[in-house]
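Every number for a ligand or one of its atoms is a count from 1 in the order of the listing. The figures that follow rest on heavy atoms only: side chains count, while hydrogens, waters and symmetry mates do not.
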Amino acid sequence: MRPLSKGLVAVIAGPSGVGKTTICQRLRADPLYRWSVSCTTRAPRPYEREGEHYHFVTRPRFEQMIAGGELLEWARVFDNLYGTPKAPLEAALKGGAVMLLDIDIGGAEQVRRLGYDAAFIFLKPPSEETLISRLRGRGEAETLIPGRVARYREELARAAFFHAFVVNDDLDAAVAATRSAIEARHAQVNGGEPPARAPA
Ligand code: ADP
Ligand code: 5GP
């Protein structure tokens with residue numbers, strides 16, 4: 001039997017509202033993929049569930065996790081703290097999985113510096129107008145929208161090291177393009193072998 005492939009961190013970055021959660025949810029139907037549940041100090045949105053979208057924690061608990069070295073990376077985004085728990089990521093990589101991380105550009109830069117085998121994918125909206133209408137459609141407060149758009153421009157300007165830029169217009173096409181960019185990188189870190197999937 002072929003040995004298990006080396007795992008891969010797949011960083012899915014891009015502006016709030018571009019469709020990162022939607023695309024990651026589709027990829028997660030494939031057992032090769034795992035989802036890193038971040039910790040955050042922000043309040044849950046009405047549709048969000050503890051342990052699924054995020055671990056919602058208090059600021060003192062978040063600071064304790066930083067001090068205890070429990071987070072692989074963390075960042076402040078829009079006045080809240082967000083971080084990636086280290087233990088589940090290490091376990092997933094040991095099992096040869098692709099660990100999906102929906103993190104901001106600062107987090108992506110930290111993952112890069114830590115030297116993980118990683119694919120960096122930046123999701124772009126078809127236009128800023130589309131981004132705004134997706135944010136509105138999700139019920140985002142109107143006052144927050146200009147800041148989200150400004151941050152998108154800043155993040156894009158820092159993303160030159162990313163492996164792929166995928167436009168999320170047609171959802172099926174964007175899922176396919178994201179998958180193919182991740183799996184090309186996965187094959188590259190495994191010496192050209194495609195990812196070893198468990199038999200169906
Ligand atoms: P993010 O995780 O990047 O903040 P979401 O996945 O929550 O974004 O998507 C934001 C909104 O846009 C959601 O209401 C989602 O259903 C919608 N959406 C995502 N992808 C598409 C797409 N390709 N076409 C139209 N709407 C989309
Ligand atoms: P939201 O509040 O819209 O869910 O996320 C806001 C931003 O925080 C997004 O850019 C998202 O990618 C980022 N984010 C979510 N979790 C993490 C994390 O664990 N680490 C970092 N660095 N950013 C995160």
(request) Scan side-chain atoms only and decide if S16 and R148 contain a donor-acceptor pair under the 3.5 Å cut-off. (result) yes

(message) Is any side-chain heavy atom of P125 closer than 4.5 Å to one of Y152?
(response) yes

(message) Would R112 and F120 count as a cation-pi pair here, with the cationic atom under 6.0 angstrom from the ring centre and within 45° of the axis?
(response) no

(request) Starting from atom 6 (C) of ligand 2, locate the nearest protein heavy atom and write down its residue, its atom name and how far away it is, to 0.1 Å. (result) Y82 OH, 3.7 Å

(request) Within a distance under 4.0 Å of any heavy atom of S16, pick out the atoms of ligand 2 and give their elements. (result) 3 (O)

(message) In the structure I gave you, are the side-chain heavy atoms of W74 and T84 within less than 4.5 Å of one another anywhere?
(response) no

(request) Identify, by atom number and element, the atoms of ligand 2 in contact range of G107, meaning under 4.0 Å from any of its heavy atoms. (result) 22 (N)

(request) Just need the protein heavy atom nearest to atom 3 (O) of ligand 2, so name the residue and atom and give the distance. (result) R45 NH2, 2.8 Å

(request) If you have a sec, work out which protein heavy atom is nearest atom 7 (C) of ligand 2 and how many Å separate them, to one decimal? (result) V77 CG1, 3.7 Å

(request) Verify whether one side chain among T130 and S133 offers a donor that lies under 3.5 Å from an acceptor in the other. (result) no

(message) Looking at non-hydrogen atoms alone, which of I103, V37, L135 comes nearest to atom 18 (C) of ligand 2?
(response) I103

(request) Give the atoms of ligand 2, by number and element, whose distance to some non-hydrogen atom of R148 is under 4.0 Å. (result) 3 (O)

(request) Give a yes or no on whether K124 atom NZ has more than 12 heavy-atom contacts from other residues, nucleotides or ligands under 6.0 Å away. (result) no

(request) Give, for atom CD1 of I145 and atom CG of L135, the distance between the pair rounded to the nearest 0.5 Å. (result) 5.5 Å

(request) Could you name the protein residues that come within less than 4.0 Å of ligand 1, counting only heavy atoms, and order them by chain and residue number? (result) P15, S16, G17, V18, G19, K20, T21, T22, R134, R138, N168, D169, L171

(message) Could you check whether any heavy atom of F78 sits closer than 4.0 Å to an atom of ligand 2, since that is the contact criterion I want to use?
(response) no

(request) Indicate yes or no: does an N/O atom of S38 lie under 3.5 Å from an N/O atom of ligand 2? (result) yes

(message) For the 3.5 Å polar cut-off, considering only N or O atoms, please tell me whether R138 and ligand 2 meet it.
(response) no

(message) According to a hydrophobic-cluster definition based on side-chain heavy atoms being under 4.5 Å apart (Ile, Leu, Val, Met, Phe, Trp, Tyr only), do I12 and W35 belong together?
(response) yes

(request) Would you please say whether a donor-acceptor pair under 3.5 Å links the side chains of Q64 and R61? (result) yes

(message) Please determine whether a side-chain nitrogen of the Lys or Arg among R113 and E109 lies less than 4.0 Å from a carboxylate oxygen of the Asp or Glu.
(response) no

(request) Please confirm whether K20 comes under 4.0 Å of ligand 2, counting heavy atoms of the residue only. (result) yes

(request) Give a yes or no on whether a salt bridge exists between R26 and D172, defined as a side-chain N under 4.0 angstrom from a carboxylate O. (result) yes

(request) Compare all side-chain heavy atoms of F165 with those of L123 and state whether any distance is below 4.5 angstrom. (result) no

(request) Pull out every atom of ligand 2 sitting under 4.0 Å from any heavy atom of A75, numbered as shown with elements. (result) 22 (N)

(message) Counting non-hydrogen protein atoms only, what is the nearest one to atom 5 (O) of ligand 2? Give residue, atom name and distance.
(response) Y54 OH, 3.4 Å

(message) Quick check: G83 and ligand 2, any N/O pair under 3.5 Å apart?
(response) yes

(message) At less than 4.0 angstrom from any non-hydrogen atom of R42, what atoms of ligand 2 do you find?
(response) 1 (P), 2 (O), 4 (O)

(request) Distance to 0.1 Å, residue and atom name: give those for the protein heavy atom nearest to atom 11 (C) of ligand 2. (result) D102 OD1, 3.4 Å

(request) Using a strict 4.0 Å threshold on nitrogen-to-oxygen distance, state whether K86 and E90 make a salt bridge. (result) no

(request) Do me a favour and list the nearest non-hydrogen protein atom to atom 13 (C) of ligand 2 with residue, atom name and distance? (result) D104 N, 3.7 Å

(request) Find out whether I23 and N168 are in side-chain contact, i.e. whether some heavy atom of one side chain is under 4.5 Å from a heavy atom of the other. (result) yes

(request) Give the residue, atom name and distance (to 0.1 Å) of the protein heavy atom nearest atom 20 (N) of ligand 2. (result) E73 OE2, 2.8 Å

(message) Side chains of Q188 and R185 only: does a donor on one sit below 3.5 Å from an acceptor on the other?
(response) yes

